[in-house]
There are 2 protein chains.
Amino acid sequence: MARPRPTSGQPPDAAGLAFLLSQVGAHSAARFAERLEPLGFKPSHAGILRVIRQSDGLSQQALGERLGMFPSRLVGMIDELEKRGLVERRNSPADRRSYALHLTAAGRDALERIGKVSREHQEAVGAALSESERGQLAGFLRRIAAEQGLTPGVHPGFRTTGGGETT
Amino acid sequence: MARPRPTSGQPPDAAGLAFLLSQVGAHSAARFAERLEPLGFKPSHAGILRVIRQSDGLSQQALGERLGMFPSRLVGMIDELEKRGLVERRNSPADRRSYALHLTAAGRDALERIGKVSREHQEAVGAALSESERGQLAGFLRRIAAEQGLTPGVHPGFRTTGGGETT
DNA sequence: GGGAAACCGTTATTGACTGTAATCGTTCTT
DNA sequence: AAGAACGATTACAGTCAATAACGGTTTCCC
């Protein structure tokens, strides 16, 4: 049994739909992070700002839950964002142990810039495809995401993936 | 509790092709890592074994270059694989400062098992799509990968992405 | 030949991050 | 009024990846 070729020959790079998905996905993520860096943001910051704008006044816990990140992780990031004047921690009127998170004008501005970068990035990533093809691709991905139980806005913060190779 | 109402929505989850790519990609990577764990491997191990089989007898440096990982990182991993009897470090006949990496029979066996897991994973990830749709999807991804300058077998080891969120 | 420079693998060190657990004040329940 | 549950924070530990330095080899070139 030296070189049995069960289905093809190997997990051939040629095929590997799953591999392609994570390869292109990782690339997309990396490139986006690069684009964001000059603005002084990391992708997680963008996610936080986006969610806060979407649901103004939510608590850190709610935010963490929605993004799938631990509250302890949020503290530092919101500290940063607040220090940069993009987010406000107002104390919630009803519940004095939680904060109500709000975007400042500068925060909305930053989010605007992030959105611009996002669109550019999206344009660049999809450059190989025609408009209608991009639509089809998005459709496929949405269906996969739904079937796999992924929540629309959220994405799996890379857990202990190992971080090297994938298929 | 107020349901988060989709007030506005700049990079609306509806659109975000780039987001979808990295979301689904990260999910695929994570799930694959999960499937690999019971075998005692991390995705990077799988990548290493795969490349060694493909080009038997290459040096660690060449391996590292092809996978895009630092030689120092490889040392430990190959140590493991060698300790488990899957890989051999023979000294290269021509150049005594480099090793020639080879797969043992057990190593080929392990790779076989990995291949099986890979195919199962691939099947699971693509479950939402028909056979022909999967083909279309793979085609799109391949075109994107090519246009973006990604090397077929390799994938960007998540660099200092920040590791949290992406779009 | 012989010595400097490039090269391979290895080790040690440093630096980010992330998840868990413990802490402190607040709110809810009974 | 007391104890459990809860939100934010801090402290801690474990993991992991990149950088730099170190011995041993080989190659280049004078």
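The separation between B:Phe70 atom CZ and C:dG9 atom P is 16 Å, rounded to whole Å. The CE-P distance, from B:Met77 to D:dC16, rounds to 8 Å in whole Å. Taking atom CG of B:Leu67 as the reference point, atom P of D:dA18 lies 12 Å away to the nearest angstrom. In this structure, CG of A:Asn91 is placed 15 Å from C1' of C:dT27, rounded to the nearest angstrom. Atom NE2 in B:His45 sits roughly 14 Å away from atom C1' in D:dA17 (whole-Å rounding). Across the protein-nucleic acid pair, B:Met69 atom CE and D:dT19 atom P stand 14 Å apart, rounded to whole Å. Atom CZ of B:Arg97 is separated from atom C1' of D:dC22 by 16 Å (rounded to the nearest Å). If you take CD of A:Glu88 and P of D:dA8, they are 16 Å apart, rounded to a whole angstrom.
Relative to the side chain of A:Ser59, the nucleotides C:dG19, C:dG9, D:dG7 differ in distance, and D:dG7 lies closest. Checking C:dT10, D:dT19, C:dT27 against the side-chain heavy atoms of A:Asp95 singles out C:dT27 as nearest. For A:Ser98, counting side-chain heavy atoms from C-beta on, the closest listed nucleotide (C:dT20, D:dG7, D:dA18) is D:dG7. In the set C:dT10, C:dG25, D:dT10, D:dT10 carries the atom at the smallest distance from any side-chain atom of A:Val75.
Of all non-hydrogen atoms in A:Gln60 and A:Leu101, the two that sit nearest each other are CG-CD1, 3.9 Å.
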Would you please test B:Glu123 and B:Arg134 for salt bridge (charged side-chain N to carboxylate O under 4.0 Å, His left out) and show each step?
-> CA-CA 10 Å; B:Glu123 197 59 36; B:Arg134 277 183 248 181; 3.2 Å; yes
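Between A:Lys42 and C:dC17, a side-chain N or O to OP1/OP2 separation shorter than 4.0 Å is present. Put simply, B:Gln61 has a side-chain N or O that comes within less than 4.0 Å of OP1 or OP2 on C:dC8. For A:Arg73, a side-chain nitrogen or oxygen approaches OP1 or OP2 of C:dT18 to under 4.0 Å. The side chain of A:Arg96 places an N or O atom within less than 4.0 Å of a non-bridging phosphate oxygen (OP1 or OP2) of C:dT27.
Among the heavy atoms of the strands lying under 4.0 Å from A:Ser72 is at least one base atom, whether or not backbone atoms are also near.
The neighbour count for B:Glu147 CD, taken as heavy atoms of other residues, nucleotides or ligands under 6.0 Å away, is above 12.
Here the rule is side-chain hydrogen bond (donor to acceptor under 3.5 Å, both in side chains) with A:Ser28, and of A:Gln122, A:Gln23, A:His121 only A:His121 fits it.
Each of A:Ala94 and B:Tyr99 lies near DNA chain C, and the nucleotide nearest B:Tyr99 is the one positioned closer to the 5' end.
Side-chain contact of A:Ser55 with A:Arg66: a donor-acceptor pair under 3.5 Å is present, judged by distance alone.
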